[in-house]
Amino acid sequence: MKSLYVLSGASGMTGSELVRQILEAEKDSRIIGFDNFFASSIDSVKEYLDNPGFVFHEYDINNTDQMKAIEDQVLREKGAYDRTVYINCAAVVHTEHFYEVEHTWETNVISMKSFLEQAIRVKADTYINCSTSEVYSMQSWNENGGVRESDYLMMSTAEHSQRTSYACGKLMTEFFMKDVVDKGKIKGCSIRFANVYSKHERFAKHIIPHIINELLEKGAVTLLENSKKNRRAFLHNIDSCRSVMALINSDKALDGTVYNVATDEEITIIDLTYKIAEKMGLPKPEIIFNGYRSSDPERRILNTEKIRTRTDWTPIITLDKGLDMCVASIEK
């Protein structure tokens, strides 16, 4: 099937991997991608810029004129394809920005809704909304296989931390998605990713690149006090993007609901530090604990039975393999 993909956040961690997977698997398809380089650079998609299946614009999803240009281009091109698929990866991301309420609201909520409305106007077939497992907030795990999409939420509030504003905004987008699907305006769904990482993510503030950078620069690692107890399961972006494609290609999954995407390979942050250090030839580095993050759950375990039932998706990159890829990328 020849598809026209319209991809926001195209040079980001998820977007750039989607570009790679689509171009490798679908020779007759085309991607109209854009990004404002908020958390990325052109380097992540540089090798694809001469590919006729990919056109890239340095555009901002918050810029009305630029989004009108995207819409006009889609209307010019969509007739040559069997389906049109919108994928929204644009977001104000990384922990330090979660506290900026106005910024996250504009990009993650208002502009997501505008992008969704554009997809409906051009009569796109599908819209994929990238949400976050942050919405589970303070009730993000259990001993019964992890939290499910249908579980009730227990969220911290402004009395506890402004960080939750990011999760609340993403949760709102899931309501937008469900509403338009229920009204028959478009097919689609939302995805709650958990702790995604990539070999390309070297300078972000997420925990895996943080540990690698600390070991490279200091030979020791500074962690928050929370890390004495915290455990996480990490998802490689190859697998997160494979889930996007699996959902796009499963008509029964495009029901407007939410899908957890995660692994069940849980590890403590301390053990993660030692594992990465060992792979870098720096066994048992010094760990310094400094600072504390409020409203940070000790664990985050997601049940993925729903997506595994409705698609053929299952993760293929183990944590050990994924960390090997991260370390190998340093040496290049």
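Computed from a predicted structure; not experimentally measured.
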Is it true that a side-chain atom of [X] and a backbone atom of [Y] form a donor plus acceptor pair closer than 3.5 Å?
| X | Y | value |
| --- | --- | --- |
| D179 | F175 | no |
| S29 | S3 | yes |
| N237 | S240 | no |
| S44 | S11 | yes |
| R30 | E77 | no |
| E298 | R231 | no |
| N108 | W105 | no |
| S137 | S156 | yes |
| D60 | N36 | no |
| Y259 | A253 | yes |

Do the charged groups of [X] and [Y] touch, with an N to O distance under 4.0 Å?
| X | Y | result |
| --- | --- | --- |
| D72 | K78 | no |
| R192 | E149 | no |
| R310 | D255 | yes |
| D320 | K279 | yes |
| D43 | K46 | yes |
| D239 | R242 | yes |

Pair F193 + Y136: ring centers closer than 6.0 Å: no
Sub-6.0 Å ring centroid separation between H236 and Y197: yes
Residue that, paired with S131, satisfies side-chain contact (heavy atoms from CB on, under 4.5 Å) out of M172, M112, K170: K170
Cation-pi geometry met for R300 and W141 (6.0 Å, 45°): no
For F115, the option from F34, Y59, F176 that meets ring-ring contact (aromatic ring centres under 6.0 Å, His included): F34
For [X] and [Y], does a side-chain donor sit closer than 3.5 Å to a side-chain acceptor?
| X | Y | value |
| --- | --- | --- |
| K306 | T257 | yes |
| E26 | Y5 | yes |
| H57 | Q73 | yes |
| S111 | N62 | yes |

Please indicate whether [X] has more than 12 foreign heavy atoms, meaning atoms of other residues, nucleotides or ligands, lying under 6.0 Å from its [atom1].
| X | atom1 | value |
| --- | --- | --- |
| E24 | CD | yes |
| K113 | NZ | no |
| E278 | CD | no |

Steps toward side chain to side chain donor-acceptor pair (under 3.5 Å) verdict (Y86, Q118): CA-CA 9 Å; Y86 274 59; Q118 178 185 131; 2.8 Å; yes
Residue pair I32 / L7, side-chain heavy-atom distance below 4.5 Å: no
Any T263 side-chain heavy atom under 4.5 Å of L319 side chain: no
Least distance between heavy atoms, D125 atom then R83 atom: OD2-CA, 3.1 Å
Criterion side chain to side chain donor-acceptor pair (under 3.5 Å) on N260 and N303, from CA distance to verdict: CA-CA 7 Å; N260 285 339; N303 184 297; 5.9 Å; no
